[in-house]
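See structure below.
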Amino acid sequence: MTNKEFAEYLFPDVKDISYYENLYKKRDLIDKAIVTRYAPSPTGSIHMGNLFQAFMAKQFARQSGGVLFLRVEDTDHKREVENGIDSIITDVESFGIIFDEGYKKGGEYGPYLQSDRKEIYKSYVKYLVSKGLAYPCFCTTDEINNNRSIQEDNKERIGYYGKWATCRNLPIEVAKKKIDDKMSYIFRLKSQGDFNKKHIYYDAIKGNLEYPENDMDIVILKSDNLPTYHFAHAIDDHLMKTTHVIRGDEWVSSLPIHLELFTLLGFDIPQYAHLAPLLKKDKDIVRKLSKRKDPEASVKYYHQLGFPIEVIKLYLSTVGNTNFEEWYLANPNKKIEDFTFSFDKMAVGGTMFDLSKLENISKTYFSIQKPSDIFKDALIYFKEYDKEFANILENNEDYTKKLLNIEKEVERPRKDISTYSDIKLEFWYMYDELFDTISNPYDNVIKKYNSDELNILSAYINNIYLETDNEEMWFSKLKEYALQVKYAVNRKDYKEHPENYRGQISDFCEMIRVMVTTKTISPNLYDIMQLLGSDKLKKRLKIFIVLQ
RNA sequence: GGUCUGUUGGUGAAGUGGUUAACACGCCCCCCUCUCAAGGUGGUAUUCACGGGUUCAAGCCCCGUACAGACUACCA
């Protein structure tokens with residue numbers, strides 16, 4: 001029996017590969033257009049690493065006038081999670097990553113669900129068998145495990161290759177007999193590689209990668225008739241006309257396998273771009289951000305904290321291209337999409353996930369947003385995570401917008417919130433609904449004031465402060481009064497003769513601020529007092545004095 | 001054990017053989033202003049994991065060591 005006859009015997013009703021080769025036409029795109037894909041497996045919700053990959057894939061496809069498609073790699077039913085695919089699509093799309101074609105959306109290069117492509121894979125396995133480049137393997141898990149422990153003991157390379165590949169040279173007749181006897185089997189690649197031969201592959205991100213030829217007879221078709229990742233990758237990316245494979249760098253070590261597969265199948269090899277992982281410092285150990293161990297790996301975590309989607313995108317861009325941050329700082333009014341990403345500006349090693357950096361980016365982002373936009377998005381956020389505060393916001397829409405507008409229309413806008421939840425955390429005292437329900441709002445005030453100081457404060461609020469004063473008037477009155485009660489109104493005077501003063505004007509202002517806001521940090525004091533109004537100030541003053 | 005990759009300040013990093021090792025975050029000092037924040041000035045790496053080598057010249061090239069990461073499944 002020849003290889004060709006054996007292939008026919010194994011796959012009697014399968015189409016010839018020429019059918020598929022002709023079915024999927026060359027894509028009609030401009031020169032240098034990048035065709036790439038996001039290819040998740042439906043094993044749960046998306047995490048930062050996935051999002052990063054999808055985001056970069058999108059950027060490269062868009063900026064080159066190419067195509068981005070979604071392929072679902074559902075060849076492992078054991079690990080599958082219910083609704084896994086839908087939640088991934090929703091998550092990714094919420095970041096503005098919209099696919100040109102793919103699962104659910106359709107397209108001319110489908111199906112885009114690997115489990116719908118079984119027939120295609122079979123055709124190519126049949127082709128390889130007919131060429132003598134693939135064979136059925138009857139080894140049991142026990143046999144493989146056994147070989148493995150022998151290999152470990154002898155300190156030999158682990159795997160199914162060379163003399164360990166016992167089914168590789170099984171005569172066709174013997175194999176056929178086993179199949180007729182209903183023995184279970186899988187298909188393996190009959191590797192033609194020589195482990196001692198080295199080659200160099202140029203990775204778009206990592207540069208030149210030196211690797212030995214693959215000599216492992218890897219599994220290509222599993223006993224459930226589904227392909228392994230390696231095989232599906234080669235077939236799919238070939239038929240879908242992918243030009244660039246953008247994926248995590250956990251795949252670099254499989255590169256020799258993929259390169260051999262493409263070569264033996266007679267396919268053009270795509271350009272690979274292996275993305276460095278997002279890292280985390282755990283105690284003193286640096287490791288890959290783990291979906292299972294690290295809450296901050298999940299995208300949802302940032303939603304919950306209240307980071308805007310745009311901020312996450314800015315952060316990923318910063319991580320993505322080392323020159324992005326500089327560009328963005330120089331062009332604050334441009335959109336991320338205006339930046340041209342390049343592979344050679346991507347990190348080769350891993351990137352530490354830096355929360356304080358994220359916060360900083362976010363503060364700057366909030367500082368340039370319009371109050372009405374912040375209000376709108378914050379409301380969406382609180383409706384999901386804090387309904388009570390969402391109601392308060394809705395009942396105080398104009399008031400909140402005014403609050404968010406403080407020190408906004410100036411050259412250097414304030415930077416005091418980095419998340420939507422900060423609005424509550426930083427400004428809760430502005431809402432009587434919250435202030436009045438707390439038994440001691442001044443619980444966290446460390447500094448205590450004596451009766452002299454309280455009298456001064458009291459006199460100021462009751463007799464000096466006038467709601468109708470403009471800011472200039474407000475401050476000159478404040479200064480005049482402060483001086484009267486022995487607060488230094490300029491730094492030099494105080495430094496020269498601290499003994500002559502009760503403190504500096506800043507101390508006086510701090511006392512007012514603490515009384516009004518319970519905090520030592522707040523937006524412009526004048527504006528805060530204006531917004532609250534005289535009556536509330538007097539009310540708070542009484543509470544403050546009692547609780548001191 | 002094997003294969004591949006990486007290692008620049010507190011952090012993220014620029015840097016691909018040639019003056020004082022960019023920039024950003026953080027931290028500290030000071031300044032400014034009518035308070036806080038913001039902002040501004042300056043300081044934060046005698047040196048690029050370590051040891052050799054090549055070169056007139058090395059963070060950048062070569063070799064070795066250490067450490068770290070990825071992979072080494074009928075998982076992706």
Side-chain angles (χ1 to χ4, degrees), chain A residues 39-43 73-76 78-79 137 139 141 144-145 148 151-160 184-188 195 203 206-207 209-212 214 216 218-224 226-230 232-233 247-256 274 276-277 279 281 285-288 318-319 322-323 325-326 329 344-345 347-361 363 367 407 410-416 471-472 474-476 478-479 482 489-491 504-513 517 519-526 528:
Chain A
S41 45
T43 54
E73 312 219 320
D74 62 336
T75 56
D76 183 10
K78 277 168 281 189
R79 296 204 316 166
C137 168
C139 292
T141 320
I144 301 276
N145 286 343
R148 186 199 174 86
Q151 287 168 335
E152 275 172 2
D153 291 346
N154 297 347
K155 299 198 191 303
E156 288 187 66
R157 273 165 58 226
I158 290 156
Y160 202 84
S184 84
Y185 62 98
I186 51 158
F187 283 93
R188 286 184 183 273
F195 184 72
D203 182 275
K206 307 244 171 201
L209 257 27
E210 191 177 345
Y211 69 95
N214 172 60
M216 298 281 170
I218 56 137
V219 176
I220 54 176
L221 205 65
K222 303 184 283 187
S223 54
D224 57 6
L226 283 166
T228 55
Y229 170 86
H230 305 115
H233 155 55
R247 46 141 67 152
D249 73 356
E250 66 270 25
W251 292 110
V252 259
S253 40
S254 313
L255 199 58
H274 287 102
L279 266 28
K281 196 163 211 167
I285 302 161
V286 175
R287 44 159 252 254
K288 201 169 152 179
T318 307
V319 171
T322 49
N323 55 338
E325 190 177 12
E326 206 176 331
L329 254 28
D344 57 5
K345 291 285 183 189
V348 175
T351 306
M352 202 72 71
F353 198 87
D354 187 350
L355 194 65
S356 70
K357 187 88 179 187
L358 178 70
E359 280 170 354
N360 180 267
I361 289 173
K363 279 185 178 174
S367 77
E407 288 169 287
V410 292
E411 202 182 334
R412 309 278 180 207
R414 279 190 79 79
K415 294 183 178 180
D416 48 12
E471 189 166 358
E472 205 182 330
W474 168 78
F475 199 75
S476 62
L478 178 79
K479 243 165 48 172
V489 292
N490 73 57
R491 243 173 273 234
Q504 300 191 64
I505 189 159
S506 58
D507 297 312
F508 183 58
C509 285
E510 187 179 85
M511 179 162 64
I512 302 173
R513 173 171 271 117
T517 70
K519 289 164 167 283
T520 52
I521 295 172
S522 83
N524 189 305
L525 189 52
Y526 172 77
I528 292 287

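Just so it is clear, the structure is predicted and the values come from calculations on it, not from any experiment. Naming: A, B, ... by sequence-line order, numbering from 1 per chain.
A:K345 comes within 4.0 angstrom of the backbone, heavy atoms only, and of no base. A:S506 comes within 4.0 angstrom of sugar-phosphate atoms only, judged by non-hydrogen atoms across all strands, and of no base.
Taking 4.0 Å as the cut-off between side-chain N and carboxylate O, A:E152 and A:R148 count as a salt-bridged pair.
Here B:G9 sits opposite no nucleotide as a Watson-Crick or G-U wobble pair (both hydrogen-bonding atom distances under 3.5 Å). With a cut-off of 3.5 Å on both Watson-Crick or G-U wobble distances, the partner of B:U19 is given as none. When both pairing distances are held under 3.5 Å, B:C71 makes a Watson-Crick or G-U pair with B:G2.
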Listed pairs, N/O of protein and of nucleotides 26-32 of chain B, under 3.5 Å:
from	atom 1	to	atom 2	distance (Å)
B:C31	OP1	A:K495	NZ	3.3

Identify the pairs formed between an N or O of the protein and an N or O of nucleotides 2-6 of chain B at a distance under 3.5 Å, and give each distance.
from	atom 1	to	atom 2	distance (Å)
B:C4	OP1	A:K198	NZ	2.3
B:C4	O3'	A:E210	O	3.1
B:U5	OP1	A:E210	N	3.4

Pairs: protein N or O with nucleotides 74-76 of chain B N or O, under 3.5 Å:
from	atom 1	to	atom 2	distance (Å)
B:C74	O2	A:S223	N	2.8
B:C74	O2	A:S223	OG	2.7
B:C74	N3	A:S223	OG	3.4
B:C75	OP2	A:K222	NZ	3.0
B:C75	O2'	A:D76	OD2	2.9
B:C75	O2	A:R79	NH1	3.2
B:A76	OP1	A:T75	O	3.4
B:A76	OP1	A:T75	OG1	2.7
B:A76	OP1	A:K222	NZ	2.7
B:A76	OP2	A:Y229	N	3.2
B:A76	O3'	A:E73	OE1	2.9
B:A76	O2'	A:S41	OG	3.0

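Comparing B:U47 with B:A22, their P atoms are spaced 15 Å from each other, to the whole Å.
Using a 4.0 Å cut-off, some side-chain N or O of A:K415 falls inside it from OP1 or OP2 of B:G39. The side chain of A:R513 places no N or O atom within less than 4.0 Å of a non-bridging phosphate oxygen (OP1 or OP2) of B:A37.
Rounded to whole angstrom, the span from the CG atom of A:L478 across to the P atom of B:C34 amounts to 12 Å. The distance from atom NE2 of A:H274 to atom C1' of B:A70 is 11 Å, rounded to the nearest whole Å.
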